[in-house]
Structure formats: C-alpha cells, structure tokens
Amino acid sequence: MAKPVEQLERVIIRFAGDSGDGMQLTGGRFTSETALMGNDLSTLPDFPAEIRAPAGSLPGVSGFQIHFSDHDILTPGDAPNVLVAMNPAALRTNLNDLPPGGTLIVNTDAFTDRNLQKAGYTSNPLDDGTVDDYLVQRVPLTSLTQEALKGVGITSREAERSKNMFALGLMSWLYTRPTEGTLAYIAKKFAKRPEIAEANARAFRAGYAFGETSEGFATQYEVAPAEMPPGTYRNITGNQALGLGLVAASVQSKLPLFLSAYPITPASDVLHDLARHKSFGVRTFQAEDEIAAVGAALGASFGGSLGVCTSSGPGIALKQETIGLAVALELPLLILDIQRAGPSTGMPTKPEQADLLMVMFGRNAESPVPVIAASTPGGCFDAAIEATRIALKYRTPVFLLSDAYLANGSEPWLLPDVESLPDISVEFATQPPVEGAFMPYLRDPDTLARQWAIPGTPGLEHRIGGLEKEDVTGNVSYDPDNHDHMVRLRARKVAGIAADIPELAVDDPDGDAELLVLGWGGTYGPIQSAARRIRREGKKVAHAHLTHLNPFPRNTAAVLAHYPKVLIPEMNLGQLLKLVRAEFLVDAHGYNRVRGLPFRSDELAEAMKAML
Amino acid sequence: MSEHPGDKSTNGNGEQPLVQLTAKDFKSDQEVRWCPGCGDYAILAAVQSFMPELGIARERIVFVSGIGCAARFPYYMQTYGLHSIHGRAPAIATGLSTSRPDLSVWVVTGDGDALSIGGNHLIHVLRRNVNVKILLVNTQIYGLTKGQYSPTSPLGTKNKSTPMGSLDWPFNPVSIALGAEATFVARSIDTDKKHLTEVLRRAANHPGTAFVEIYQNCNVYNDGAFDAVKEQTENQIRLEHGQPVRFGAEGEKGVVLRSDGACELVDVATVGEEALLIHDEHQQEGSLAFALSRISHTPHGPTPIGIFRDVERPVYDQLMAEQLETAKAEGAGELAGLLNSGDTWQITKG
Ligand code: SF4
C-alpha cells in the first residue's frame, strides 16, 4: 500500500560518515537524481584533507550537504533538516548543526563500543537521551545491506561497503527521487566487476524497498520542480565550470590552451579535466613544481598560446616572481587561485578568501595585476572567459580567484548558447617595420597594450626580459625618467581596464536602503540569501557583489557614496575592507569569519540587522 | 585551437628549407656589455658564427636565459629572445618548446642559475627530454653579484661570502646531467672555437634535450679557474666515439675501466693500448659516461671534454603532440558538444 506523500518547499540533507563510507559518492548521486527532478539545488561537500584518516575517528568524518527546493535558492543551507549519520563520529561532529525537531537517520550497526569510544562517547548517545530532541530513525544499515546481498558472491567486507548505496536507496525513496540514473551509473562504474555492480544495485534497491515497507517511515516527501529559465541544464561544480570555461576561452580566442599545474588541493581537478580535452588542442603540463608550472605557462604565452596555470594559495606564493616577470614582459597569462584556508598548509580542503591582498600586492615593487573573482560555481565559466579576455586584450597576467567552496560545491547550470559567447581573439603583430628594428613596446593608444609578435614571425625578431625596458623600443634602460614613466604606465594600463568592464550592479529593490552590503567572490549566495531573508521581515538592504577587484568597476565610488552604511562580509580579516577604505575613504565595516566554512545566511542576516 | 604560423612546419632540428645567413645576421643592434676579456665574448662569437650552419631562419630560433652574466646572451642575438628570471629558463623554455615544436629553442645559463636556484628545473627538463639545447657556462663563481662562491666552486673557495673557505662540496655539472638521465651531455671550452663549434653542431642535431657545459673564464672574479685544462692541453682528455680514451702531449696517457666501475688514469706504455677504455657515446646505461665524468670532480687535472653521451629517447614535445593528434583523430573537440556532455535536463517554459 502506498504511503501518504507530503509536499515540501525545500529540504536540506546532510550525509555524514567515515571517509571510507563513500559519503561524497552518495551525496553526488543524490544530487544528480535531484537535478534530474528539476529542483533548484546547491551542495556543500566537506571532507578531510587526509585521504584516509583512521576509520571511525572524528577527523575522518566526511560530509555532504545538499539543499534542494521548488524555488530559486542560493546556498547549501545553514542547518540540515535531515542528518544521515553512518557512525558515532559522524553523529558527534554533526549533531550540533541539526536543529531540535530535525530528522536523524542513524546506522545503529555502527554504534559499537569500539566506535563509540573512538568518537569519544562514554555512553551510547542513542540511548542516553542525547538524541531525544530529534525524530530518530534507527536503521541497522550494515546488517540490512549484508542480508540483502546474500548470495551475490562477494566478501562480507565488500557487502558492508555497499551500505552507502542502501542509504542512498532509502533516501531516494523518502524524497521520491528517480532511480534509473543511479542504477545506470552503478552499471557503468563497476562494469569491470559485475559482482560489485550487482551488489551496489541490489543494496540500492533494497534501501528503496526498505523505505516502502518499513513501518518506521510513514510518509514519503516530494519537492516539486523549481521554476527556472527554460533551457538545457547540467549540475556543475566550480572547478568543472572553470575547466569548461578555459576550453571555451581557448575556442573564443582562437588560441591553443596550454595549462600547467603542480598537484595541489583544491585546484587539481581543473588539471584533471583539461587533461581529458586534448581533442581541443589543449596541452596540459604537470610541472615539477609550482614555479615551473607558471614558467611553462608564460613560455607558452610567449609562443602565442593561451598560457594558464592553476593553483591554490601556497602555490601562488611560489609563483609570484614569475607573475612579476609577466607584468614586465606584458604578456597574457592567466593564474587561477582556488583559495583555501591558511596560512601555510592551513586547511587544504576548506575555503577562505584570504589571498586577495596577496594577489594584489604580493610581488616585489609596483606590479599591478588585474583580479577577477567568481561568485558562484556556474559563474566560474564566465569568469574564465572574462579573465582571458582581459589578459589577451591588455597583454597582462590576470588572477582569477575561486575558493574551495565554489570549487567543490555544485548547482544547476543553464548551458550558455555557444553562439552568444564573446569573440575574444586578438591580433599578433605580423608586419615588419618599414625601417629600423621592431618596437615590441609600441602601444595601442586606447588600451595601452603593447604589440605582440610571436616567434616564427619573420622580421619581428626581438628580445624582451625582466630588466626595466625603455618604452616603445623595449631596450634595457636604467634611465630614471623612463622607469618612472614605465611604472606609471603599467599602473595606468591596468587602471584603464575599468572602462572596459561592467558597472557594479546593485540589488536594492526599493532603491532606498540605508545599508549596502558589499561582497566579492564565493560569498554571493549566502549574502544574497541573507538579504532576501531580512527583506521578507520588512528590512531594507542593498547588495552589490564585486567580480572585478582590480580595477574596481568605474561606478564603485558612486555606489559606496550613495549608502550611509556599508558592510563588507569576508572570509578573511578584512581584506576588501582595507582596499575599499584606502581607495574610497569610506567608513565601511567588516563582518569577518575564518572558520573554513562558507558563511551561513542566518549569521549574515544578523550582521546586517545589527547595522540597521 | 587554431594553428600558429609555424605549427605546420617541421621542428627545430634543421629540417626546414635551408636559409642562407652569415654570422653577422645573428648580431643584434645591442652593445655587448660583458667585462673586457670575459669568456662570454668567445662563446657568443662561436654561437653566432655557428648559427648559419643550422639553416634555420632567425625567426624560428629563440634564446631563453635566466639571470647571471651569461643570461645577457639573448640580447645580443638577432633572433627571438627572452631574458627571464633566476633559474627558471628551463621551465619557460619547456612551455615554449612543447607548445611550439616548430621552433629551435636554446637556453643559456650559468653554474649558479642552472645548478643552484634552478637546479630542480634543470634535472626535470633533462629527464623529460624536451627539445631544447642548454648551454651551461660554468665560471665556478657568481659574477653578476660580484664574486660569491657558486655550486661548482671547489671546496674551500675563499671569497666575499666565504672568507674562511666554502664548506659545500661542489657539483660536477656533467655528472648531474648524466644522473638526471640526459640524452645528450657534452663539455667544451670557451676559447676552443673549433671544439666548441663541433659540440654545438652535435647538440643542435640531437633530438631532445642537449646539455653542454662550457668552461668559461671569468677574468674579474675567478681568473684562470680552468687553466689547468685550458692552458695545459695535455690535461684535455678529448673524447672520441669508438676510440680508445687517451690524452697527454703525445697521447702517452690513457684511461682504463677498473673492475669496480671507476676510471683510472694509466700510462699507455705500461698497460698496452688494448687495455684502454673505448669511448661509447651511445651506451644506453650511461655508466661509462658517468665514470668518465668522475675522472675530475673539478677541472684541476686531466679532464674529459667532448661528448659524453648521445642516446635516443622519445622527445617530450613529440609525445605531447602525438597525444593531441590521437585525441583529435577520435574527433576534433566541439564546444557545444562538450558543454552538453554529462547528465543534462531540459526546462521548458512552464
Ligand atoms: S663578471 Fe666575470 S663572467 Fe661576468 S661579465 Fe665580468 S668577466 Fe664575464
């Protein structure tokens, strides 16, 4: 007999388990099912940097949160409605986030004395009142899975490892998700090991059937598809979008892509993705170190490729000297900084926005570099094209900032119409000078970009280098006035890009808010969501979000001047805040948290209200 | 994506239609600014007069350098040139060469640039066998920064930063290159134009990375450092493929390979010519070349010059190009198709 179905507007589920429990896979599959349902969604994977922390330990807990809804949403959600805890350590590290009354689904089989002890519990939280405030679903996931897999011909250890598929099946039933996609995925992933494929598929179906028949689960839930602009969608993480954006930038600039990188979390996925796109003429180079990676990219740029390198903060620190060289050479170069928590090795899998001042100022001497920051996972695609456009047009290195949250978080992405992508191609110099030598530093009077002649072009042989150059000729020069001129010229060239980027848009529905909240990068979702929340309470707040951080959009001063109060939330100790105060003499206030987690919209809503 | 002007042509190993040029064509309009008497002048002259032999048009030749006296080299060559930062030339040249297999890419570096600050890039470009030609001019001193000991200075070198003598055991550049499994390793001398030109010729024709150490006199900070080999020609052990290794004014000395794998210097008259080691540039293992490189850890006695090793191994640039071809053969990339790959779904107007 079918169970009653209840309609929900939105749900936040957190899957939490040991690193070896396959929580990222479970979350990823649930996300795909949800995307195909047509819900809007946002995800937040949260995993330890250790590949395998000791099983059952607190540091070994891996989590995946998904927020899905029948309407437009912007964040993975502040607190889960449902927590799936695969073991005591997962319960202990996540229970505080589950509000009273929330649903808790636990794998009771994992609550053994030994696991309890590893999680630091002196008594079983399932029995001692710890979970009294929640709707607790006690499911012996491990034994049910092993039971379901009898006769498949695999070891009991292998059977036990399929318990995440049982959990996924149960959750798929509970939220009426389609199952075909996951079954097809299992068949493909384990094609070489049919018995493992069979085990996973069976566990998945058994979980689904358990929901249908178990008396514990009285109600099934449905979240209707969200209204979204028509078109073709796919679910995408920030890093995937960066990879696609770079290929698109190569196509739209008609330049071959040369991407070099040294493995580093959380940037390596971009290298992995690009390595699979050689049919687009993409060359990927895994360098011997971070410095070689940027050097090779710059060498490729000199040769007329689109030179790109991907890294994260510690790697960027190593690349800065070469980026300074690119400033002096005035060659295009794209540097992706997928920011993570620091200093030093910090927390490699956790997001932070604390590299802004490093990319602005972390090179020797006056060394201006344009900076762009992506705001959403899907937005990483556009940011890659925009950063490339600026690098090529102005012959300059460009920083593109993302962070570990955007990199691994996902959302539905409306595929762009390829025809509508901008043409960002540039012309190489090809004509030998009528008389005299080629002048590599002769400039376009509007953009101040120098001529770009690539090796292989007859008659344009020239030498460039890191020594100060005489303007126009590019010859080495120690002339005091020339140096002053060149320093200012490089600064003016970058500042002039302001005329060539969109104005800062302000979201201020009534136009009379007193408070402007100014954000940048990956905090877009939580800030916008907090603004909407307090507007529903009748409060007025404006939100502007910077994607161009150097130079700032040309109307930034006007926007700031328009609002009596300015709040700048950042996942650092106030880096944009410093820039804004210094540049615009505005008494802006910061809201700063560096917990290695994205902002929650409720904390931002409180911070905004406190300013009103 | 699109092809560069040169992508269709052949690589930089002299396969293009020959271009007729002279040494003068390779002189840029820049005033050469090394100290008078510096060994770099002789090396520059040798390179400029050798270049026409390649038959490669000037626009297809690129000189890349790092920092140091010799790093000024590109400014003086009427080719494309990039004077980069300390130690990084091999990395930059790797990006350039692999993305532009049509170019002939040369790196000019020094002992500090290549073996100290840039040591990591050097060993990796060698193991990859990228198609670049590396000229390491060894002065055993930091010249540009005014005379500190370098990674090739003999132990106990006394100068500004080491008034009581340096404590570091020096590198032997040829041994380093062989240890990094370079496919072409040679050594020559700044002022021996004939020998240097022959070595350059062989290096240029070698597919993959060619590593050439050139003993260079820094007459300002380390005058005469190589005189024991340069001036006392009887100390030059001139390596010739397939020939017994012998040296001395009359060829009266020779080299034998001991049972423990090390080379030993002997009197030919005592051991007999048959006992001498026969040089084999093509020995795959590289153990002979390595043993030869150990004869003189620093050049203060009999020292081999010439080609230590010349073997064939797949060239990185070509392997990368082949992967691209293989991928394209399965269908050239198409952007709309790429964006649409994976699980997609449609939303129609509701
Ligand atoms: S310091 Fe030495 S190596 Fe440098 S230019 Fe002068 S003589 Fe040549």
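What you see is a predicted model; the values in this text were computed from it and never measured. Every chain is numbered from 1 and lettered A, B, ... according to where its sequence line falls, protein lines coming before strand lines.
Per-residue heavy-atom pair counts under 4.5 Å with chain B were compared for A:Glu321, A:Met228, A:Arg276, and the maximum is reached by A:Glu321. Counting heavy-atom pairs under 4.5 Å between each of A:Gly466, A:Ala296, A:Gly465 and chain B puts A:Ala296 at the top. Ranked by heavy-atom pairs under 4.5 Å with chain B, the list A:Gly299, A:Ala293, A:Ser32, A:Pro225 is led by A:Gly299. Top candidate by heavy-atom pairs under 4.5 Å with chain B, chosen from A:Pro230, A:Ser279, A:Ala287, is A:Ser279. Of the listed residues (A:Leu36, A:Leu298, A:Leu467), the greatest number of heavy-atom pairs within a distance under 4.5 Å of chain B belongs to A:Leu467.
Here the straight-line distance linking atom CD1 of B:Ile85 with atom CG of A:Leu325 works out to 5.0 Å at 0.5 Å rounding. Within the model, atoms CD1 of A:Ile454 and CG of B:Leu96 stand 10.0 Å from one another, a figure rounded to the nearest 0.5 Å.
Annotation: side chain of A:Phe285 is not in contact with side chain of B:Ser99 (no heavy-atom distance under 4.5 Å). Side-chain contact between A:Ile464 and B:Leu82 is present, with heavy atoms from C-beta onward closer than 4.5 Å. Using a 4.5 Å cut-off on side-chain heavy atoms (C-beta onward), B:Gln78 and A:His462 make no contact. At least one side-chain heavy atom of A:Leu421 sits under 4.5 Å from a side-chain heavy atom of B:Leu335. The closest side-chain heavy-atom distance from A:Asp289 to B:His124 is not below 4.5 Å. Using a 4.5 Å heavy-atom cutoff, the side chains of B:His83 and A:Val476 are not in contact. Contact check for B:Ile92 versus A:Phe302: no side-chain heavy atoms found under the 4.5 Å cut-off.
Judged by distance alone, with hydrogens and angles left aside, the side-chain atoms of A:Arg463 form a donor-acceptor pair with the main-chain N or O of B:Thr79 at under 3.5 Å. Proximity of a side-chain donor or acceptor of B:Arg100 to a complementary backbone N or O of A:Gly303 within less than 3.5 Å is detected. Side chain of B:Arg88 to main chain of A:Ala292: no donor-acceptor pair is present (N/O by atom type, distance under 3.5 Å, no hydrogens or angles).
Both the backbone and the side chain of A:Ala248 come within contact range of chain B, with heavy atoms under 4.5 Å apart. Proximity to chain B involves both the backbone and the side chain of A:Thr232, based on heavy atoms less than 4.5 angstrom apart. Contact of A:Leu329 with chain B is made through the side chain alone, with heavy-atom distances under 4.5 Å. Interface remark: A:Ala328 contributes no atoms to any contact with chain B (heavy atom separation under 4.5 Å).
B:Leu339 approaches A:Arg234 most closely through the heavy-atom pair O-NH1, 2.8 Å. Here the closest heavy-atom approach between residue B:Thr98 and residue A:Arg283 is recorded as O-NE, 3.0 Å.
Residue B:Tyr142 places its OH atom among more than 12 non-hydrogen atoms of other residues, nucleotides or ligands, all under 6.0 Å distant.
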Which is it for A:Asn475 and B:Gln30 under the side chain to side chain contact (heavy atoms under 4.5 Å, CB included) test, yes or no, and what are the steps along the way?
-> CA-CA 8 Å; A:Asn475 288 337; B:Gln30 300 294 299; 3.1 Å; yes

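B:Glu59 and A:Thr457 form no side-chain donor-acceptor contact under 3.5 Å, judged by distance and modelled atom types alone.
A salt bridge between A:Glu288 and B:Arg128 is present, with a side-chain N of the basic residue lying under 4.0 Å from a carboxylate O of the acidic one.
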